[in-house]
Amino acid sequence: MRTWILSGGLRLGALALLLGAFIAGCGGGGTGTASNREQPLAATSPAAVFPRVISINRVSQTNLSDGRVESIYRVNIVNGPEAKSGLMATIVEAPGSLEVVDGSVLVGNVTANGTSAPTDTITIRHARSAPATSANLVWAVSEPINGIPVPPEPNSLTNQSTVKGVDSNANGVRDDIERLVAQAFGAVPTDYDAAFDVAKTLQDVLLNRNDLTTSAHLNLIACMPSVLRKRMPAVEHLTLNTEQRRGLYVRAFVGLELTEEGCAK
Amino acid sequence: MTTNARLFFRGIALTMALVLLPAIAAAQTNVIYVNGIWNTLSQHFEAQDELRRQLNESPNHTGAAKKSFLITGIYNNACVPLSSLQDLKEVYVLKTSEELYAADFRKIAVPYNTQPSVDAAAAARIRDKYLFDMTPGVTSLEADGFGTLDMVDTQTAALQLADRLRSRQPAIVVAHSQGNLVANLAYAVLAAQYGNDVHKKVRLVNVANPSEFSAHGLNLSHDHDGVIFADANLNGGFNLQNFPSTLNWTRTTPRCSNAACDFSGARPTFFGAGVGADLFRHGFVETYLSSETIYLKFGAIDIGFTPNAFRFRDRLEDLIYAAAGSLDTFNSGIVTFVARGAVMAVNDPSFLRNALPITVGVGDSIIFIVKFNSKSSNISDPEHPIYRAESISMKIGANAAILVSKDLAHISTRYFSDGYSYIADTSRLCANGIIIRPVMELFGASRSLFPSLELPLSPPKLSAFAIGQRNIRFQVISCGLDRVSQVLAQVESFVKE
């Protein structure tokens, strides 16, 4: 967008545009609005929407040193009249008494009007007397992007309230980034793998900055083929979409020598 | 061949490789790229890649003139949010500091090809007051709490760049945008440490330069860059020159008395870029390495540009080659002739911006290439095809003037019986031509080696102090103003007899 504002009195608007353009180019813009976020296929409410999670079954539990219990659950899913493939079921809301360690289940394929009990599990920490139940969890079942199962778009406020954001399947990549990577790179498996690694190592840096994590990310970017690296700002920008995240990023890399020496050619 | 023989020859080959490796490495010219704000790692690496591609693949330099560059980078500040205006605050503090250390920076800025006169004490003052402590203490931002902690990333970038320059020396810094302000501070660190010898160690090539300084006179900044120049008038005229008044950030410096004054920057050196896909015409890759044609601002840079190569990327390449060439020269131990000249205003007698690192002596010959636009066009780039090029020879005699003139109507050098060229009747020649004459720095001012242009009919004597003096400048004086709008005089060769 090109805007010409000649009035000096409107310079602040121009400032916003100028900075907006740059910030958008470097991580601003947020995680998207409701209008561009994919709506989950199903949630516990309304119940008539398919596919949906109908129950959970605890398969194991471990006592924690703090007196709580870490429980592993399997889920049961029922589908509607249309066969689905590559589904992922994700806990999108849980009571504060529950700590969702891994809230995502790879469902895979479900036949028309069929049920599924995926082998993948969820992990939740809770007080011994207050385990998770089917009733106190809100689920979203999301369709794949480019054939890749992905978690649903997270709530923007929740996702930006911490450095970690929402990583419902605990794979080291925020859910919104995972969806972006699947969307932008999922068509070519090698590109997807590379972009996923970039996202994962970058998240590692933000959450645990040390020589190992910074050099892992740096080397990945340095030695990536240029044609692919040109597309990485999309991943970086979305990852660095809060003040805190950007600050950590700068602190991790500022002053480092950037060289492609040592990369296999 | 026996196994032992194979091992023997492998050993020789390995030894030779080990011996040759440093030589190969030494043959490379180090380039360190410093990004501006709002860049991620991948964007930084892409900028390095594009720069490498241009330098490697360009046909502008070939054969023995082709150089090999080792391009690395220093990661400078990056994305910070709109809400805190952190980036602009850092630029504000850096630019405020620049106003405070301006007088000292002039004492360490040296044209790239000139014998250095670097004031290490001035550099140390810059380093100690404005890098080691990045809070100048005179801005409203600091009064509001913006301080040392907020500047620590910029400080880190500058200090790390200085460290890297020490280990990669000699090296060329290619700095983009705010990276120039960081590079200037790193340069001050080295200048404080090395004094005049810093001229053997580093050159700064400025790209999209928001600083008022170009430490070595190698500045690629075009006048339509909407981020650094108010005159570009992009985005409602908001830019790095006038943002203090827009945001009402005040400061007290020698140029600004507790007010929200706008900043001054270095003047643009190129013009002619149109409206491109890069919204603010500021991006390193998108604009400054693009294939768009730009023209040199009148008298802006003293290097010999590649003929008929007018693109942004060509210009940047030429600046880097000029930097590399001058580093080679000053590291060779033999200061040979390196200056190429400058654009001159015909109706405003001008001096070559850089004193030439030569010692004028009897018998020396100098050939100037003079380019002039006889069509009175507005195009001020002497590399443009509209300019004609002629050569003028100058030979220095023991008892002769070394003024040389050409009548542009006839393009004929006037030789005299003693075999040396000089001028006996300047008033007649100056009716329609140009004169080149040597001058030298004396007591801080440029003095002609001759008392005036009104020379006697007999050959004037070369001033006694001229012979054997170093750092000669040349002055171009115009005649025939109605025919020539601008002239470039550059020295093509200098031969000592």
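All values reported here derive from a predicted model rather than from experimental measurement. To find a chain, count down the sequence lines: A is the first, B the second, and so on, and within it residues start at 1.
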When every non-hydrogen atom of B/N248 is compared with those of B/A260, the smallest separation belongs to OD1-CB, 3.8 Å
Among B/I32, B/V182, B/L70, which residue has the highest count of heavy-atom pairs closer than 4.5 Å to chain A?
B/L70
Could you look at B/V152 and say if it's the side chain, the backbone, both or neither that has a heavy atom under 4.5 Å from chain A?
side chain
Would you tell me whether B/R166 and B/Q193 have side-chain atoms, one donor and one acceptor, within less than 3.5 Å of each other?
yes
Test side-chain hydrogen bond (donor to acceptor under 3.5 Å, both in side chains) applied to B/Q43 and B/N35, step by step
CA-CA 9 Å; B/Q43 289 169 316; B/N35 62 279; over 6 Å; no
By the salt bridge (charged side-chain N to carboxylate O under 4.0 Å, His left out) test, which pairs, at least two apart or in different chains, include something from residues 214-224 of chain A?
none
So, B/Y33 versus B/H176, ring centres under 6.0 angstrom or not?
no
Residues of residues 208-218 of chain A with a heavy atom under 4.5 Å from any heavy atom of chain B, in residue-number order, are A/H217, A/L218
In terms of heavy-atom proximity below 4.5 Å to chain A, should B/L161 be classed as side chain, backbone, both, or neither?
neither
If I measure from the heavy atoms of chain A, does B/E50 come under 4.5 Å with its side chain, its backbone, both, or neither?
side chain
Indicate, with yes or no, if the rings of B/Y288 and B/H222 have centres closer together than 6.0 Å.
yes
Contact class of B/E46 relative to chain A, heavy atoms under 4.5 angstrom
both
Run the ring-centre check on B/Y92 versus B/F263 and record whether the distance is less than 6.0 Å.
yes
Can you confirm whether the side chains of A/E178 and A/N171 place a donor and an acceptor under 3.5 Å from each other?
yes
